[in-house]
Every structure is written in C-alpha cells, then in structure tokens.
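Beneath this line is the structure, given in structure tokens, with notes to follow.
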Amino acid sequence: MSARQYITTAIDYPNAAPHMGHVLEKVLADVCARWMRLRGDAVRFQIGTDEHGVKIARKAKEEGVMPQELVDRNVPLFQDLYGRLQISYDAFVRTTDRKRHWPTVEALWRKLQEAGKLEKRSYTGLYCSGCERFLTKKDLEDGKCVTHKVAPEEVTEENWFFTLGEDALWLKKLLTKKGKGGYTIVPEFRAPETLMLIEQGLEDVSFSRSRESLTWGIPVPDDPDHVMYVWCDALTNYISGLGFFTNHEDRTFWDDAQVTHVIGKDIARFHALIWPAMLKAANVRTPDTLLIHGFLTSEGEKMSKSLGNVVNPEDVLSRFSGNPDPLRFYLSHEVPVGRDGDFSWERITELYDSALRNQLGNLLNRILVMLKKESGALQIDSKASDAKQVAEKWASYTERMDGFTLHEGIKLSMEWVRLMNEGFNDAAPWKIKDDAKQKVSVLSAFAEYVRHVALMLLPFIPQTAQEISRQLNVPYAEKMLEKDFVITPAMREWGSQKDWRTVGEPKILFAPLE
RNA sequence: CGCGGGGUAGAGCAGCCCGGUAGCUCGCGAGGCUCAUAACCUCGAGGUCGCAGGUUCAAAUCCUGCCCCCGCAACCA
C-alpha cells in the first residue's frame with residue numbers, strides 16, 4: 001500500500017443544517033481515513049463547505065442577513081456535528097476563505113485561461129426566474145418549468161466556457177486505465193455509467209455567471225462583470241487546501257500521494273470529467289480514486305421535507321445519549337459502500353440491541369466478569385489453531401478494507417463476535433470447577449480474541465473499540481485514538497502482547513435504551 | 001427504445017461474473033444453558049429465487065422477450 005494518502009469528501013452546501021446525507025459521506029470517508037492511518041499510511045483527510053451560489057444568496061435575503069452572516073452561522077453546525085461524530089478530518093476548507101481558498105482559485109482560473117481552455121461566448125438559454133437558473137430540455141414539460149409551471153424566458157448573456165468537449169478522448173483513456181496514472185472509479189458499476197456519458201458526447205461547461213445573475217461568488221480575474229460558477233470555485237478546494245499556486249504551496253499530499261475523492265453519485269460526473277480536465281489543463285496530476293456513495297432514504301422513502309421523514313442527525317445522536325458509535329455502526333453496517341441505503345429508526349434500534357449490546361457488549365462482559373472472579377490475571381497460551389484463525393481473519397478483513405468494501409469488513413468482524421459467543425458456550429468455562437488454571441487459560445483466549453476484534457472495529461466505532469480495549473486493559477488502549485496509532489503486524493498476532501497480564505473492571509458497554 | 005440500480009423466506013440482503021443440494025442477519029416458534037446487559041447457544045417453521053420462453057444432463061446463476069419498483073442530482077446546485 002502507498003505510504004501517503006490524501007482523502008477528501010465533497011464540500012457541503014451550508015444553506016441549511018446538515019442532514020443524514022452529509023453524515024453518510026463523512027462517516028464513510030472517516031472510516032477510510034482511519035483505516036489508512038491504522039495500516040500505517042500518512043493520511044491527510046480534508047472536508048469543507050461550498051459557501052457561494054444563488055441559493056445561499058437567496059436564503060440570506062429571505063432571512064434579511066448578509067450571505068456571509070448566514071454561512072458563518074451555519075458552517076459551525078457542520079463542524080460541530082462532525083466533531084461529535086468523531087470525523088477525524090485534518091483540514092476544513094471554506095470557499096469564502098479569501099486567504100486560503102481564493103488565491104488558488106484565481107491562480108487556477110488564470111492557468112486554465114493560459115492553457116486556452118476558457119472561452120468567452122454568448123450564451124442563449126431558457127431562464128426560469130423561479131429557479132434563478134437556466135433550464136435544459138429535461139427541466140421542461142410542455143415548454144414550462146417542471147417546478148414552477150411557468151414558461152421560461154429566453155435570455156442571452158455572456159459566459160466563460162470551459163472547453164470540456166475536446167477532452168473526451170483522453171478522459172476516456174484516463175478512466176479506463178488501470179492502476180497508476182489511471183483514475184479508478186469505485187464501485188466498479190459506476191465506471192461504465194461515466195464512460196457512457198463520454199460516449200454521448202461532452203459539451204463545454206459554463207464556468208461563469210454574469211454579475212447580475214450571481215453576485216455571491218469569487219469574481220473572475222480581470223473581468224469584473226463575471227463571477228465564477230461553482231466548478232472552478234468548489235472543486236478547487238481539493239488543492240486550495242494544499243495552498244496550490246501560492247507561496248505556501250505544499251504538494252506533499254498530492255504529487256506523491258494516493259488521492260481519493262469521496263463523493264455522492266449526484267456529483268460523480270463532475271468529479272470524473274470536469275475536475276481531471278481542469279487539473280490537466282493546469283498541468284497538475286489527476287487524482288487516483290473516485291469513491292462514489294449512494295443516497296439514503298428514510299424509512300424506505302426518499303427523504304423530503306414534504307413527506308416529513310427527514311432524519312436529523314442530532315436526533316440520532318441524542319437517542320444514544322450523544323454516543324456517535326451506534327450511528328457510525330449503522331451507516332457502516334447497513335449501507336453497502338456505493339449502494340443506496342435506508343435509515344430506519346426500528347432498524348437502528350434493532351441493530352443496537354442485537355449487535356452492539358447483546359453480541360458485542362455482552363461477550364466482553366461475560367468474559368471479564370469471569371476473569372475477575374479468578375483474580376483478573378491472564379494466561380494466554382500459544383496454540384497453533386488460534387494463531388491460524390486470527391491470521392485468517394486479519395487477512396480477509398484487510399482485503400475487504402483495502403478494497404473499499406468496508407461494509408464487508410465490519411460484517412466480518414461482527415460475524416466473528418457471533419462465533420466467539422458460540423465458542424464461549426461450547427467451552428463452558430463456568431463448568432470448570434476444579435482446575436483454576438485451565439479456567440483462566442480458556443477465558444484468556446477469549447479475551448485475546450476480543451482484543452483483535454476491537455482493533456478491527458476501530459475504524460468504524462473508535463470510541464467503543466477503545467473502551468473495549470480499556471476494559472481488557474491492553475497496554476496500547478490509551479493510544480488507540482491518536483492519529484499516529486498504527487496496528488502493527490505484531491498486534492495482529494496471537495498472544496503478542498506480552499506486557500498484558502491482567503484485565504480491567506467490566507462495565508456495561510452499551511446500556512439498554514430508555 | 002434517455003441513463004442507471006433493483007425485483008431471492010415476514011423485513012433487510014448475499015449468491016449471479018466462473019451454471020451442479022437456496023444462504024446470512026433480524027424477527028418468529030420450540031429447546032438448552034445459567035458465566036453474562038431477560039443476555040448467549042441449538043434446532044425449527046417460512047421461499048414456484050418478478051413473469052414467459054430458450055440453451056443445457058443440470059439455471060437464482062447463461063441467452064431472448066416482457067412486467068413491476070426505485071433513483072437521476074438531496075431540500076430542491
């Protein structure tokens with residue numbers, strides 16, 4: 001595996017409070033980032049907010065505040081939520097940051113211009129004043145705007161265009177090339193979808209708006225009548241966070257790193273096509289991986305305000321007394337990477353009870369309570385069969401995690417927990433009455449197994465994984481949440497923790513709800 | 001013929017690429033155990049694998065046609 005990883009998420013649009021869609025993406029990216037760190041990579045994990053655009057401007061106007069005030073109020077909602085969800089980001093980019101974001105954006109624009117990729121053209125389109133944007137054929141029904149049921153007016157304005165149309169050939173090569181130098185789409189089934197878009201022909205992309213239609217954005221350099229449209233502004237966050245084209249440029253996490261963008265299926269095409277085309281024009285190497293996730297429904301239906309089924313992440317957190325792990329567990333366990341998923345209160349409660357509380361929590365408890373009755377001392381004997389089983393589990397777990405099938409990684413870990421409960425029943429340590437040494441040996445083996453499972457669960461439910469390790473009293477427990485904590489090859493081996501001699505106090509890991 | 005995803009036990013899904021006794025989780029029923037958070041373990045009930053053809057000794061799995069559901073840009077950039 002590569003030693004250096006740069007992983008990003010899409011930047012969120014803070015015109016309202018964060019919702020479950022945002023959370024799904026951040027948890028997914030966080031699990032990836034944590035896993036990469038745990039396997040020993042140097043990781044830079046960046047998220048941020050996309051704060052410009054008509055919708056923000058309009059929302060601000062509605063509320064009678066300046067756009068900057070609106071975003072300054074909303075952005076902390078995202079940062080605060082992600083903090084409490086233990087999203088381990090290293091950098092947060094705000095597109096309204098004139099010191100850290102704008103210089104890169106302006107420099108990139110100039111580079112695109114120098115490369116001849118930007119052309120000013122007169123654009124005539126059907127403009128809907130309700131939507132405050134130009135409509136395409138798809139937005140029309142009987143010549144009227146689908147949302148507002150009004151006929152749009154024909155408006156002509158000058159725009160800067162990015163000549164994406166001429167990039168089709170090499171983009172196709174980039175996206176079909178395997179391995180180094182190629183841009184890999186995960187999951188695989190999304191790749192042909194994107195290639196199909198290229199087949200259908202790429203059109204040039206509008207890169208600016210006239211100042212009349214969009215004021216809240218970054219001005220186009222040397223052209224005060226125009227403001228940058230979302231692409232050059234928002235996508236650029238991935239490199240502005242690294243100070244590209246400025247005097248504080250640090251490309252360590254780009255030129256010499258594996259670059260992974262985690263995004264939703266809605267913006268896949270922009271990240272697969274426009275973004276690499278922009279980078280190439282600016283003479284910057286293209287990213288390596290595009291990890292595309294699906295969307296979340298709520299109770300089986302599309303989340304929408306009108307249906308009233310929008311799930312507020314805050315409610316989920318408070319349902320579990322602020323503990324982020326049940327939600328993190330749910331999203332990782334129930335939503336296959338790349339696929340759509342569903343959030344259901346019944347399901348998350350069910351999973352909390354059966355998986356976290358009854359299987360995982362109870363397993364730890366029954367082992368610790370019995371060991372404590374025997375003075376709490378450990379005696380982990382080396383046994384070839386145990387060593388082999390542990391090695392096999394780690395091998396398949398690592399394969400899943402490295403391949404971004406994280407849901408399989410967590411499921412495999414939990415399946416192992418189930419097997420441990422089964423094994424515990426079979427071993428029936430409570431029946432061993434006369435041989436204390438034998439009893440401790442049997443129980444210690446289970447403690448050692450749980451030590452391994454806690455490591456496997458660490459990227460998903462970090463707080464819980466640490467708490468398990470603390471109760472087990474493993475020597476490295478206190479360091480587990482530090483960013484430089486690495487799961488060493490030794491840690492993956494049976495009985496490798498020679499300094500681990502006693503277990504700690506058993507405590508209820510997950511309490512019954514209500 | 002816009003594109004894509006999907007239709008497998010009550011629910012959620014795996015299996016399909018590389019055909020060969022239909023599997024997992026939760027839920028449900030019965031039993032076991034009693035170390036443990038009324039937790040854990042075992043067994044069981046429950047499925048015409050969307051429909052119809054075809055290929056084959058054999059199809060959930062391959063081929064053809066059809067039907068149905070859901071997304072298509074996330075609060076409506």
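Below, chain A is the first sequence line, B the second, and so on; all start at residue 1.
A:G361 comes within 4.0 angstrom of a nucleotide base, judged by non-hydrogen atoms across all strands. Counting any heavy atom pair closer than 4.0 Å across all strands shown, A:V230 reaches a base atom.
Stem list for RNA chain B (at least 3 consecutive Watson-Crick or G-U pairs, distances under 3.5 Å): B:2-7 with B:67-72, B:10-13 with B:23-26, B:28-32 with B:40-44, B:50-54 with B:62-66.
Counting only residues at least two apart or on different chains, the side chain to side chain donor-acceptor pair (under 3.5 Å) pairs with a member in residues 430-440 of chain A are A:E374-A:K439. Evaluation of the salt bridge (charged side-chain N to carboxylate O under 4.0 Å, His left out) test over residues 316-325 of chain A, restricted to residues two or more places apart or in two chains, returns none.
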All N/O pairs under 3.5 Å across the protein-nucleotides 8-16 of chain B interface:
none

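For the pair A:K373 and B:rA36, the criterion of a side-chain N or O lying under 4.0 Å from OP1 or OP2 is met.
In this structure, the side chain to side chain donor-acceptor pair (under 3.5 Å) partners of A:E63, at least two apart in sequence or on a different chain, are A:R73. A:Y13 pairs by the ring pair (Phe, Tyr, Trp, His ring centres under 6.0 Å) definition with nothing, not counting sequence neighbours. Not counting sequence neighbours, the partners of A:P429 by the side chain to side chain contact (heavy atoms under 4.5 Å, CB included) test are A:M370, A:F424, A:A427, A:V442, A:L443. Taking the side chain to side chain contact (heavy atoms under 4.5 Å, CB included) definition, one finds that A:D72 meets it with A:Q68, A:R94, sequence neighbours left out. A search for side chain to side chain contact (heavy atoms under 4.5 Å, CB included) contacts involving A:E408 returns A:R400, A:T405, not counting sequence neighbours. Contacts of A:H333 classified as ring pair (Phe, Tyr, Trp, His ring centres under 6.0 Å), with partners at least two apart in sequence or in another chain: A:F329.
As a whole-Å value, the separation of A:L364 CG from B:rC35 C1' is 13 Å. Separating the NZ atom of A:K265 from the P atom of B:rC3 is a distance of 17 Å, rounded to the nearest angstrom. Put simply, CG on A:L356 is 12 Å from P on B:rC26, counting in whole angstrom units. One atom, CD1 of A:I292, and another, C1' of B:rG5, lie 13 Å apart when rounded to the nearest Å. Rounding to whole angstrom units, CZ of residue A:F329 and P of B:rU25 are separated by 14 Å. Taking atom NE2 on A:H19 and atom P on B:rC76, their separation rounds to 9 Å, with Å as the unit. Rounded to a whole Å, the CG atom of A:L472 is 18 Å from the P atom of B:rA36. B:rC33 atom C1' lies 13 Å from atom CE of A:M370, rounded to whole Å.
With 3.5 Å as the limit, one finds no donor-acceptor pair spanning the side chains of A:S344 and A:E346.
Between A:F320 and A:Y352, the angle of the ring planes lies from 30° to 60°, which puts this pair in the tilted group. Below 30°, between 30° and 60°, or above 60°: for A:W216 and A:H52 the angle between ring planes is above 60°, a perpendicular geometry. Ring geometry for A:W109 versus A:F207: interplanar angle of 30 to 60°, hence tilted.
The side chain of A:R269 has B:rA73 as its nearest neighbour among B:rA36, B:rG71, B:rA73. The side chain of A:N15 lies closest to B:rC76, out of B:rC76, B:rC35, B:rU37. Comparing B:rA36, B:rU34, B:rC75 by their nearest atom to the side chain of A:H22 picks out B:rC75.
Between the CD atom of A:E25 and the CD1 atom of A:I292 there is a distance of 11.5 Å, given to the nearest 0.5 Å. In this structure, A:E62 CD and A:N15 CG are separated by 10.0 Å, a value rounded to the nearest 0.5 Å.
Using a 4.0 Å cut-off between a side-chain N of Lys or Arg and a carboxylate O of Asp or Glu, A:R121 and A:D204 qualify as a salt bridge.
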Check your understanding: Can you give one letter per nucleotide of nucleotides 38-46 of chain B, going 5' to 3': B for a protein heavy atom under 4.0 Å from the base, S for sugar-phosphate only, - for none?
Key -> -SBBS----
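With both ends at atom P, the span from B:rC57 to B:rC3 equals 36 Å, rounded to whole Å. Atom P of B:rG20 sits at a distance of 37 Å from the matching atom of B:rA30, rounded to the whole Å.
With the nearest nucleotide of RNA chain B identified for both A:Y13 and A:L351, A:L351 has the one nearer the 5' end.
Listed in residue order, the members of residues 433-453 of chain A having a heavy atom less than 4.0 Å from RNA chain B come to none.
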